[in-house]
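Since the structure comes first, as structure tokens, the remarks are kept for the end.
Sequence lines set the chain letters: A, B, ... in the order given, protein chains first and strands last, and positions in each chain run from 1. Basis for what follows: all heavy atoms, side chains included, without hydrogens, waters or symmetry-related copies.
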Amino acid sequence: MPELPEVETTRRGIAPHILGQRVQAVQVRDPRLRWPVPADLQEQLVGQQVEAVDRRGKYILVRFQSGHLLVHLGMSGRLRVLPGPGVPPDRHDHYDIVFVSGATLRYTDPRRFGTCLWLAGEPGAHWLLRGLGPEPLDAGFDGAHLHRSGAGRRVAVKNLLMNAQVVVGVGNIYANEALYRAGIDPRRAAGRIARARYDRLADAVKAVLAEAIEQGGTTLRDYYRGDGSPGFFALHLGVYGRQGERCRVCGDAVRQVVVGQRSTYYCPSCQR
DNA sequence: ACTGGATCCTGACTGC
DNA sequence: TGCAGTCAGGATCCAG
């Protein structure tokens with residue numbers, strides 16, 4: 001569910017409320033996520049202050065003196081700060097981190113595809129973070145990088161974009177949107193795209209992600225910001241979920257196909 | 001080394 | 001109204 005803009009919006013939403021706060025208690029009601037929530041999480045966190053709230057791809061990293069809390073929202077995860085303790089948990093509210101001030105960081109995840117792990121030491125060395133590609137909004141991500149990554153490969157360019165080893169944070173929605181803006185057919189083999197077109201694609205990825213962050217992410221069903229408000233980028237979507245509707249550029253009907261087992265949307269006239 | 005498919009789990013929606 | 005089937009924003013693992 002949440003892609004980079006939704007994770008970044010979440011990070012920005014919670015950071016001011018937990019920065020500098022000291023952990024009083026950790027309550028894990030259901031440790032069953034993608035990997036079990038560590039049984040000793042409370043021991044690790046109690047008494048420590050939040051030093052930073054960072055993001056790497058779709059991972060949120062909460063920095064403490066002795067390590068990092070690594071959080072991934074999976075498909076249906078949500079992280080928010082409750083103003084005080086004692087708010088009764090709902091069915092899928094799997095864990096709380098309660099601060100001395102009373103503020104409570106609460107994780108909710110109906111589908112339980114999310115992650116909550118404790119990382120002692122250098123986070124970049126962790127197996128989940130090692131090998132990740134560049135951040136799409138950093139200078140290290142550009143057309144040359146995409147062109148290199150796709151060289152000689154037959155995989156559809158949309159799957160290349162969604163491969164976290166190539167570039168992080170781009171999921172199904174924004175892969176569709178970036179390819180639409182760049183005028184590239186999502187099914188086209190990654191190795192058969194010219195460098196100039198990859199330049200355009202890299203620019204489109206940066207633009208679509210930056211705009212989505214400005215709009216607070218895309219709310220389709222169950223994604224909401226830390227304060228409960230929806231993101232408004234759905235209003236700007238060019239093709240995602242618009243099958244049968246008119247392309248805003250040429251008026252042709254948007255088509256839906258399956259690429260890499262994921263719903264894929266494109267304009268047959270604008271994208272080649 | 002690449003690639004596509006199966007898989008984890010629950011909820012919302014669709015069609016009969 | 002009920003029920004079965006389908007689909008979903010992610011990412012790992014495995015077989016070919």
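Taking the 5.5 Å centre cut-off and the 30° plane limit, the aromatic side chain of A:Phe113 is classed as stacked on C:dG10.
Counting only Watson-Crick or G-U wobble pairs whose defining distances are both under 3.5 Å, the stems of 3 or more consecutive pairs in DNA chain B are B:2-8 with C:10-16, B:10-16 with C:2-8.
Between A:His92 and B:dT10 there is no side-chain N or O to OP1 or OP2 distance below 4.0 Å.
The CE atom of A:Met75 sits 10 Å away from the C1' atom of C:dA11 (whole-angstrom rounding).
Put simply, the side chain of A:Arg111 and the base of B:dC9 share a donor and an acceptor less than 3.5 Å apart.
Residues forming a ring pair (Phe, Tyr, Trp, His ring centres under 6.0 Å) with A:Tyr107 (at least two apart in sequence, or on another chain): A:Tyr95.
Screening residues 113-137 of chain A for salt bridge (Lys or Arg N to Asp or Glu O under 4.0 Å) gives A:Arg55-A:Glu135, A:Arg56-A:Glu135 as the qualifying pairs, with residues at least two apart or on separate chains.
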Show which side-chain atoms of residues 155-166 of chain A pair as donor or acceptor with protein atoms under 3.5 Å away, not counting sequence neighbours.
from     : atom 1 : to       : atom 2 : distance (Å)
A:Lys158 : NZ     : A:Asn172 : OD1    : 2.7
A:Lys158 : NZ     : A:Thr264 : OG1    : 2.8
A:Asn163 : OD1    : A:Gln165 : N      : 2.9

Set out, line by line, the N/O atom pairs under 3.5 Å between protein and nucleotides 3-5 of chain B.
from  : atom 1 : to       : atom 2 : distance (Å)
B:dT3 : OP1    : A:Arg154 : N      : 2.7
B:dT3 : OP1    : A:Val155 : N      : 3.1
B:dT3 : OP2    : A:Arg153 : NE     : 2.8
B:dT3 : OP2    : A:Arg153 : NH2    : 2.7
B:dG5 : N7     : A:Gln261 : OE1    : 3.1

Tabulate protein N/O versus nucleotide N/O from nucleotides 12-16 of chain C, keeping only pairs under 3.5 Å, one per line.
from   : atom 1 : to      : atom 2 : distance (Å)
C:dT12 : O4'    : A:Arg34 : NH2    : 2.9

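Classification of A:Glu8 and A:Arg12 as a salt-bridged pair holds, one side-chain N sitting under 4.0 Å from a carboxylate O.
Taking the six-membered ring for Trp and thresholds of 30 and 60 degrees, A:His236 and A:Phe233 have nearly parallel ring planes, at less than 30 degrees apart. Between A:Tyr59 and A:His72, the ring planes lie perpendicular to each other; the angle is over 60°, past the 30° to 60° tilted range.
Nucleotides B:dG5 and C:dC7, compared at atom P, are 15 Å apart to the nearest Å.
At least one donor-acceptor pair closer than 3.5 Å links the side chain of A:Asp185 to the backbone N or O of A:Arg187.
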